[in-house]
Amino acid sequence: MKLQSKVAFVTGAASGIGLSIARLFAQEGAAVAVADLNLAAAERAAADLAASGARTVGIGVDVTDEAQVDAAFAAAVARFGGIDILVSNAGIQTVAPLLDFDFAAWKKLLAVHLDGAFLTTRAAMRDMVHRGRGGSILYTGSVHSKEASVLKAPYVTAKHGLIGLAKVVAKEGAEHRIRANVICPGFVRTPLVDKQIPEQAAALRLSEADVVRKVMLKDTVDGEFTTLEDVAQVALFLAAFDSAALTGQSVVVSHGWFMQ
């Protein structure tokens, strides 16, 4: 198994992309800390993984809260002995025109995506450096780490920022054998995306079917959504890649939407 004896800490892991990554990592031999803002959901997801024989623990954490993040990592380290892989995946979405965008909503979105990435990265790196075993840090970015769309000013800003953070972590972490990379999915049918469809339909005065066809999938090569399994497989590849030949990079998985 590709992650045998590894320990992964995955945020936003009670559902969607995070849960898919946690499930695949567990199947590949990793112990997994299933971290989520919703403690009950995290514990249910961890229990489901444990029923299949995985070593897991559910942890409740607000990734924008420094004390909670540090306590969550301390709990995972106490349970499993250390952290080898961080998947900084927690995210939210708010859709609105820039002219009407509420400042509090702007700050909240950036806090979850960027403050959360910083705080979890710092906590993971401190443990990785302390144990001297190196590690892999993955960020769930987006095609919006490369491109822009209307109605998504803070989301595009935050996702672009994750690439910059990963590049710094790749450079600062190199001497400690810590790698950092960004996964950039296209649209994946998660609750976060399902919520956007009626919001964008109202804002753009389109039908929900046209939002999917003419907005979300119009630039793909085949008109298909990226799947949870697509993203999880890329995460596994990056987490298991064991040299600094692949660090500071962003990998787009989007059915051809944005080609580098």
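Counting from 1, the numbers follow the sequence of the chain as shown.
- Minimum interatomic distance between Ser254 and Thr220 (heavy atoms only, all atoms of both residues): O-CG2, 3.7 Å.
- The side-chain heavy atoms of Phe118 and Leu114, taken from C-beta on, include no pair separated by under 4.5 Å.
- Heavy-atom minimum distance, Ser142 versus Cys184: O-CB, 3.3 Å.
- The pair Lys159-Glu147 fails the salt-bridge criterion, with no side-chain N (NZ, NE, NH1 or NH2) lying under 4.0 Å from an Asp/Glu carboxylate O.
- For the residue pair His255 and Thr226, no side-chain donor N or O sits within less than 3.5 Å of a side-chain acceptor on the partner.
- Side-chain contact between Val10 and Ile85: absent, with no pair of heavy atoms (C-beta onward) separated by less than 4.5 Å.
- The backbone N or O of Gly60 sits nowhere less than 3.5 Å from a side-chain atom of Asp36 that would complete a donor-acceptor pair.
- Judged purely by atom type and a 3.5 angstrom limit, Asn89 has no side-chain atom pairing as donor or acceptor with the backbone of Thr140.
- The closest donor-acceptor contact from the side chain of Thr247 to the backbone of Ala244 lies at 3.5 Å or more, if one exists at all.
- Contact detail for Val34 and Ala45: the closest heavy-atom pair is CG1-CB, 4.0 Å.
- By the 4.0 Å N-to-carboxylate-O rule, Arg131 lies close enough to Asp127 to be salt-bridged with it.
- The aromatic rings of Tyr155 and His113 sit perpendicular, their planes meeting at an angle over 60°, well past the 30° parallel limit.
- Under the 4.5 Å side-chain heavy-atom criterion for Ile, Leu, Val, Met, Phe, Trp and Tyr, Val143 and Val231 are members of distinct hydrophobic clusters.
- The shortest side-chain heavy-atom distance between Ile83 and Val77 falls under the 4.5 Å cut-off.
- Under the 4.5 Å side-chain contact rule for hydrophobic residues, Leu24 and Val7 do not share a cluster.
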* Begin with the C-alpha distance, continue with both residues' side-chain angles, and end with the deciding distance and a verdict on side-chain contact (heavy atoms from CB on, under 4.5 Å) for Asp70 and Arg122. => CA-CA 9 Å; Asp70 289 344; Arg122 188 181 66 178; 4.1 Å; yes
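- Ile59 is not listed as a side-chain neighbour of Phe73, based on a closest heavy-atom distance of 4.5 Å or more.
- A donor-acceptor contact shorter than 3.5 Å is absent between the side chain of His130 and the backbone of Arg126.
- Considering CG of Asp230 and CD1 of Ile17, their distance stands at 10.0 Å, rounded to 0.5 Å.
- The backbone N or O of Leu238 sits less than 3.5 Å from a side-chain atom of Arg179, completing a donor-acceptor pair.
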* **Intermediate values then yes/no, side-chain contact (heavy atoms from CB on, under 4.5 Å), Val87 and Phe9** => CA-CA 6 Å; Val87 182; Phe9 191 104; over 6 Å; no
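- Residues Phe187 and Val212 have side chains not in contact (no heavy-atom distance under 4.5 Å, counting atoms from C-beta outward).
- When every heavy atom of Met128 is checked against every heavy atom of Gly134, the shortest pair comes out as CG-O, 3.7 Å.
- In this structure the side chain of Leu138 reaches within 4.5 angstrom of the side chain of Ser136, judged on heavy atoms.
- Both Val211 and Val150 belong to a single network of hydrophobic side chains, linked directly or stepwise wherever heavy atoms of I, L, V, M, F, W or Y lie under 4.5 Å apart.
- In terms of heavy-atom proximity, Asn181 sits nearest to Gly248 at OD1-N, 3.4 Å.
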* Show the numbers, then the answer: is there a side-chain contact (heavy atoms from CB on, under 4.5 Å) between Ile92 and Val112? => CA-CA 7 Å; Ile92 60 173; Val112 172; 4.0 Å; yes
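- When the options Leu217, Val188, Thr190 are evaluated for a side chain to side chain contact (heavy atoms under 4.5 Å, CB included) with Phe225, the one that passes is Leu217.
- A donor-acceptor distance shorter than 3.5 angstrom exists from the side chain of Thr157 to the backbone of Ala153, with no hydrogens or angles considered.
- Heavy-atom minimum distance, Glu229 versus Gln233: OE2-NE2, 2.6 Å.
- No side-chain heavy atom of Asp115 sits under 4.5 Å from any side-chain heavy atom of Val63.
- The main-chain N or O of Ala54 is never found under 3.5 Å from a side-chain atom of Ser52 such that the two would form a donor-acceptor pair.
- Glu28 contributes no side-chain N or O that, together with a main-chain N or O of Met1, makes up a donor-acceptor pair within less than 3.5 Å.
- When side chains are defined from C-beta on, Gln200 counts as touching Met216, because their heavy atoms get closer than 4.5 Å.
- Phe80 CZ to Thr56 OG1: the interatomic distance, rounded to the nearest 0.5 Å, is 6.5 Å.
- Interatomic distance, CG of Leu162 versus OG of Ser145, reported as 6.0 Å (0.5 Å rounding).
- Under the 4.5 Å side-chain heavy-atom criterion for grouping Ile, Leu, Val, Met, Phe, Trp and Tyr, Phe241 is not connected to Val252 through any hydrophobic cluster.
- Under the side chain to side chain contact (heavy atoms under 4.5 Å, CB included) rule, Lys167 has a single partner from Val169, Leu165, Ile163, which is Ile163.
- Here Leu49 contributes atom CG and Arg23 contributes atom CZ; the two are 6.5 Å apart, rounded to the nearest 0.5 Å.
- A continuous path of hydrophobic side-chain contacts links Leu151 to Leu206 [ILVMFWY only; heavy atoms under 4.5 Å].
- Once rounded to the nearest 0.5 Å, the distance linking CD of Glu208 with CG of Asp210 reads 10.5 Å.
- No more than 12 heavy-atom neighbours from other residues, nucleotides or ligands sit within 6.0 angstrom of NZ on Lys171.
- Lys152 and Gln196 share a side-chain donor-acceptor pair at under 3.5 Å.
- Not a single donor-acceptor pair under 3.5 Å links the side chain of Ser20 to the backbone N or O of Gly16.
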* Would Phe237 and Leu246 count as a side-chain contact (heavy atoms from CB on, under 4.5 Å) if you check the C-alpha gap in whole Å, the side-chain angles of each, and the deciding distance to 0.1 Å? -> CA-CA 10 Å; Phe237 170 73; Leu246 185 52; 3.6 Å; yes
